[in-house]
Asks: 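I am attaching a structure below and will ask some questions about it afterwards.
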Amino acid sequence: MSPRRILEIIGAVELATLVLMLGNIVTVHQPKISQVLGPVHGLAYTATVIAAALVMSGRHRIWLLALIPGIGGLLAARAASPAA
């Protein structure tokens, strides 16, 4: 599996957990859901930044894009594509 694909997967997990957490807050606000999704989102965010730093290959733009919460991983994966 390519590093770009790994970055896409981690970015998708990060975005999905953020959407689920915000949906929980807006609707039912169950503390148990927040207790589970909070750490998962934090780990996904950290993994996104680390993966982007490993993939960046001299291009700091990729790493900086990964710092954007929520969509940063997907933006960094797009910027890391060979066509870019």
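Residues take their numbers from the sequence shown, with the count starting at 1.
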Asks: Determine, using the 4.5 Å side-chain heavy-atom cutoff (strictly less than), whether V49 and L75 are members of one ILVMFWY cluster.
Replies: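 No; tracing contacts between hydrophobic side chains, which count when under 4.5 Å, never links both residues.
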
Asks: Can you tell me how far CE of M56 sits from CZ of R61, rounded to the nearest 0.5 angstrom?
Replies: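 These two atoms lie 14.0 Å from each other.
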
Asks: For the residue pair Y45 and L67, establish whether any side-chain heavy-atom pair is separated by less than 4.5 Å.
Replies: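 The answer is yes; the side chains approach within 4.5 Å.
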
Asks: Output yes when a side-chain donor or acceptor of H41 lies under 3.5 Å from a complementary backbone atom of T17, and no otherwise.
Replies: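 No, because the side chain of H41 does not come within donor-acceptor range (under 3.5 Å) of the backbone of T17.
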
Asks: Minimum heavy-atom separation for V55 to A80, with atom names?
Replies: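 Smallest heavy-atom distance, with atoms named: CG1-CB, 3.7 Å.
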
Asks: Sub-3.5 Å donor-acceptor pair from the side chain of E8 to the main-chain atoms of A77, do we have one?
Replies: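 Flag not set: sc E8 to bb A77 has no pair under 3.5 Å.
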
Asks: How close do V13 and A44 get, heavy atom to heavy atom, and via which atoms?
Replies: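 Looking at all heavy atoms of both residues, the closest pair is CG1-CB, 4.1 Å.
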
Asks: Considering all heavy atoms of both residues, which atom of M1 and which atom of I9 are nearest to each other, and what is their separation?
Replies: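 Looks like SD-CD1, 3.7 Å.
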
Asks: Compare every heavy atom of A51 with every heavy atom of I10, then report the nearest pair and how far apart it is.
Replies: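 Smallest interatomic distance, heavy atoms only, reads CD1-CB, 4.2 Å.
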
Asks: Can you tell me how far CD1 of I71 sits from CG of L15, rounded to the nearest 0.5 angstrom?
Replies: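 Interatomic distance, L15 CG to I71 CD1, rounded to 0.5 Å: 8.0 Å.
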
Asks: Are V36 and L43 linked, directly or through intermediate hydrophobic residues, by side-chain heavy-atom contacts shorter than 4.5 Å (ILVMFWY only)?
Replies: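 They do not share one cluster, since no chain of ILVMFWY contacts under 4.5 Å joins L43 to V36.
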
Asks: On a heavy-atom basis, which atom in L37 and which in L20 lie closest, and how many Å separate them?
Replies: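 Scanning both residues completely, I find the closest heavy atoms to be CD1-CB, 3.5 Å.
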
Asks: Check for me, please, whether I33 and L18 land in the same ILVMFWY cluster - side-chain distances under 4.5 Å, paths through other members count.
Replies: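 Linked, I33 and L18 end up in one cluster.
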
Asks: Return the CD to CG distance between E14 and L7, rounded to the nearest 0.5 Å.
Replies: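 Between E14 CD and L7 CG, I get 9.5 Å after rounding to 0.5 Å.
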
Asks: Within the structure provided, determine whether M21 and N24 are in side-chain contact (heavy-atom separation under 4.5 Å).
Replies: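 No; the side chains remain at least 4.5 Å from each other.
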
Asks: How close do G73 and T48 get, counting heavy atoms only, and between which atoms?
Replies: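 Looking at all heavy atoms of both residues, the closest pair is CA-CG2, 3.2 Å.
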
